[in-house]
Amino acid sequence: MQYLHTMVRVSDLYASLHFYCDLLGLKEVRRKENEKGRFTLVFLTASQDEARSAELQAPEIELTWNWDPEEYGGGRNFGHLAYRVDDIYALCEHLQANGVTINRPPRDGHMAFVKSPDGISVELLQAGDAQPPREPWASMENTGTW
C-alpha cells in the first residue's frame, strides 16, 4: 500500500492556494480542470516531497474546487493534516503576520495547530527536537478549536 493524497474540498480556490502555497510553503505540482464536471483539482506537495511527487504523484494534497458554490460544514470532522517544519516559531510568526489564527500555539516548541480558510486543521510539528519554549508563544492561550 502507498499513500497517494488527501482530498480537501475548498470553497475559494484562490484563498486556499494563498494559504497552502504562499503561507505554508507547499508547491502546486499539477492542475486538472474538468469543464463538464465543473470542478478544478489542484495537487500540492511539500518541498521535501517534490522529487517523490514528480515520480510517484505522491504524497500530495488534492484541493477540489467545485465551480458551483457549495457550503461545507465544519472542517473539524475531517481530522487534520500534519507537516514537519524546520522552524515552528518562524512559520507561526509568518502565518500570524498574514492573518492566520494560531489555534494551538507552539508553547512547547514542538507542536502548533492552525486552520485553512475552509476550517481544515493543520498540525505543525518541529523537525528534530523541540525548540526551547519562548514568548510570546509560551504564555499564549488556545483560540477556537483544532
Side-chain angles (χ1 to χ4, degrees), residues 1-67 70 72-134 136-138 140 142-146:
M1 186 182 311
Q2 177 189 18
Y3 171 77
L4 298 177
H5 64 263
T6 297
M7 184 272 272
V8 177
R9 285 185 179 90
V10 300
S11 56
D12 183 331
L13 182 59
Y14 302 102
S16 295
L17 287 172
H18 175 67
F19 175 79
Y20 288 105
C21 296
D22 299 336
L23 301 180
L24 276 182
L26 299 183
K27 180 179 178 184
E28 181 176 332
V29 292
R30 68 185 181 288
R31 183 182 290 227
K32 295 178 183 178
E33 306 240 349
N34 186 313
E35 193 158 331
K36 184 177 178 183
R38 300 189 47 76
F39 65 86
T40 300
L41 305 178
V42 179
F43 292 86
L44 310 175
T45 195
S47 59
Q48 292 182 8
D49 292 321
E50 279 188 67
R52 288 191 297 168
S53 173
E55 178 185 347
L56 305 170
Q57 294 190 341
E60 299 172 340
I61 292 179
E62 171 192 320
L63 301 182
T64 296
W65 177 55
N66 293 307
W67 300 354
E70 290 183 43
Y72 304 115
R76 187 161 171 76
N77 62 346
F78 166 78
H80 67 266
L81 303 170
Y83 291 95
R84 183 177 298 117
V85 301
D86 291 331
D87 186 335
I88 197 164
Y89 292 136
L91 181 55
C92 285
E93 288 170 10
H94 173 68
L95 292 170
Q96 190 175 53
N98 282 277
V100 175
T101 299
I102 309 300
N103 298 104
R104 193 277 191 196
R107 288 184 293 275
D108 55 5
H110 173 69
M111 178 179 68
F113 275 90
V114 298
K115 283 192 178 177
S116 78
D118 291 288
I120 301 298
S121 290
V122 178
E123 179 181 18
L124 307 173
L125 296 167
Q126 175 63 44
D129 294 333
Q131 292 195 35
R134 72 175 191 224
W137 311 109
M140 190 178 288
N142 293 340
T143 302
T145 61
W146 64 91

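Quick caveat, the model's predicted, so the values are computed rather than measured.
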*Shortest non-hydrogen contact from Arg52 toward Pro59*: NH2-CG, 3.9 Å
_Pairwise distance CD(Glu28) to CD1(Ile61) - rounded to 0.5 angstrom_ = 12.5 Å
*State the CG-SG distance between Leu63 and Cys21, to the nearest 0.5 angstrom.*
7.5 Å
*asked:* Give me the atom names and distance for the closest heavy-atom approach of Ala112 to Pro105.
replied: CB-C, 4.2 Å
_Quick one: does any side-chain atom of Arg107 pair with a main-chain N or O of Met140 as donor and acceptor, under 3.5 Å?_
yes
*List in chain and number order the residues that pass ring-ring contact (aromatic ring centres under 6.0 Å, His included) with Phe43, two or more places apart in sequence or in another chain; answer none if no residue qualifies.*
His5
*How about Phe19 and Asp118: do any of their side-chain heavy atoms sit closer than 4.5 Å?*
no
_Apply side-chain contact (heavy atoms from CB on, under 4.5 Å) to residues Ile120 and Tyr20 and explain how you reach the verdict._
CA-CA 11 Å; Ile120 301 298; Tyr20 288 105; 4.0 Å; yes
*Just wondering, do Leu24 and Leu95 contact through their side chains at under 4.5 Å, heavy atoms?*
yes
*Between Leu41 and Arg30, is any pair of side-chain heavy atoms under 4.5 Å apart?*
no
_Chi angles and distances behind the salt bridge (Lys or Arg N to Asp or Glu O under 4.0 Å) call for Glu70, Arg9_ = CA-CA 10 Å; Glu70 290 183 43; Arg9 285 185 179 90; 5.4 Å; no
_Met111 to Arg104 - nearest heavy-atom pair and separation_ = O-NH1, 2.7 Å
*Interatomic distance, Thr40 atom OG1 to Leu13 atom CG [nearest 0.5 angstrom]*: 6.5 Å
_Quick test of your reading: applying ring pair (Phe, Tyr, Trp, His ring centres under 6.0 Å), list the pairs with at least one residue in residues 98-127, sequence neighbours left out, ordered by first then second residue._
His80-Phe113, Phe113-Trp146
*Which atom pair, heavy atoms only, marks the closest approach of Leu44 to Leu17?*
CD2-CD2, 4.1 Å
*From CA spacing to verdict: side-chain contact (heavy atoms from CB on, under 4.5 Å), Val122, Tyr83*: CA-CA 8 Å; Val122 178; Tyr83 291 95; 4.0 Å; yes
*Atom of Asn34, atom of Trp67 and distance for their closest heavy-atom approach*: O-CH2, 4.0 Å
_According to salt bridge (Lys or Arg N to Asp or Glu O under 4.0 Å), does anything in residues 85-101 pair up with another residue at least two apart or in another chain? List the pairs._
Glu93-Arg134
*asked:* Return the CG to CZ distance between Leu124 and Arg84, rounded to the nearest 0.5 Å.
replied: 12.5 Å
*asked:* So Gln57 and Leu4, do their side chains get closer than 4.5 Å, heavy atoms only?
replied: no
*If you take all heavy atoms of Val100 and Leu23, which pair is closest and at what distance?*
CG2-CD1, 3.7 Å
*Is any side-chain heavy atom of Ser116 closer than 4.5 Å to a side-chain heavy atom of Val8?*
no
*asked:* Any heavy-atom pair between the side chains of Trp137 and Ile102 that's under 4.5 Å?
replied: yes
